[in-house]
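Okay, so here's the structure we're looking at.
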Amino acid sequence: MAMKAAAIKLKAAAAPSTGFRALLFSTSRFPFNQPSPAQKPPPAEPSTNLFVSGLSKRTTNEGLRGAFEKFGNVVDAKVVCDRVSGFSKGFGFVRYATLQEAEAGIKGMDGQFLDGWVIFAEYARPRNPSPPTQNGASNGFSSTNFR
DNA sequence: GATGAGCGT
């Protein structure tokens with residue numbers, strides 16, 4: 001009947017008078033500080049191996065090495081590329097001869113430009129050793145032990 | 001591949 005319509009009208013008429021609503025929101029604090037202890041810690045322990053991200057997809061191993069060689073003796077420099085497409089994944093690794101050089105490399109190259117991109121250099125995490133045929137056999141057997 | 005966070009065939 002007409003009562004329904006009246007109720008709706010009443011509800012619509014109960015518009016918030018300016019002031020109260022803003023007060024409620026102003027007192028509410030956003031969860032800016034997460035109580036979770038699993039915050040990602042600053043990445044890296046010192047190592048001669050460096051992880052370089054933010055690379056341009058045109059940057060190659062030589063470009064990477066050339067940029068980091070100015071701060072130390074680069075033993076190895078590699079841009080990680082997709083195995084099938086061959087395109088760069090946009091990050092790579094640089095290995096220095098000493099930790100001092102690695103430190104100098106980070107301080108010298110982190111936040112710098114390379115091929116038009118800002119790159120980030122940090123210590124690389126230890127990697128899973130899974131290169132096959134490291135000692136001839138990775139399954140415990142070897143041809144010298146097998147008859 | 002269109003400027004995109006990440007830890008390596």
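Protein chains get the first letters and strands the later ones, always in sequence-line order, with residue 1 at the start of each. Predicted, not measured: the structure shown is a model, and the values here were computed from it.
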With clusters defined by side-chain heavy atoms of hydrophobic residues (ILVMFWY) lying less than 4.5 Å apart, directly or transitively, does A/L55 cluster with A/V80?
no
Check the distance between B/dA5's P and A/F51's CZ and give it to me in whole angstrom.
13 Å
List in numerical order all residues of residues 69-78 of chain A for which some heavy atom is under 4.0 Å away from an atom belonging to DNA chain B.
A/D76, A/K78
Check the distance between B/dA5's P and A/K57's NZ and give it to me in whole angstrom.
10 Å
OG1 of A/T48 to CD of A/Q100, rounded to nearest 0.5 Å, is 10.5 Å
Checking A/F51 against A/Y123 for the ring pair (Phe, Tyr, Trp, His ring centres under 6.0 Å) test, could you report, in this order, the C-alpha distance in whole Å, the side-chain angles of both residues, the deciding distance, and whether it holds?
CA-CA 6 Å; A/F51 171 69; A/Y123 294 116; over 10 Å; no
Taking atom C1' of B/dG6 as reference, at what distance in whole Å does atom CG of A/L64 sit?
15 Å
Rounded to the nearest Å, what distance is computed from the CZ atom of residue A/F87 to the P atom of nucleotide B/dT3?
12 Å
Grab the CD1-P distance between A/I119 and B/dT3 for me, whole Å please.
18 Å
Figure out the CZ/P separation between A/R58 and B/dG1, and round it to whole Å.
15 Å
Ignoring backbone atoms, test whether A/R83 places a side-chain nitrogen or oxygen under 4.0 Å from the OP1 or OP2 oxygen of B/dT9.
no
Just how far, in rounded Å, is C1' of B/dG8 from CG of A/L50?
14 Å
Tell me the closest heavy-atom pair linking A/L114 and A/A67, and the distance in Å.
CD1-CB, 4.0 Å
In whole Å, I'd like the distance from the CG atom of A/D115 to the C1' atom of B/dG4.
15 Å
Is there a side-chain contact between A/F113 and A/V118 in this structure, where contact means two heavy atoms from C-beta onward sitting under 4.5 Å apart?
yes
Going by number, which of residues 88-104 of chain A have a non-hydrogen atom under 4.0 Å from DNA chain B?
A/K89, A/G90, A/F91, A/F93
Can a donor-acceptor pair under 3.5 Å be found between the side-chain atoms of A/N49 and the base atoms of B/dG8?
yes
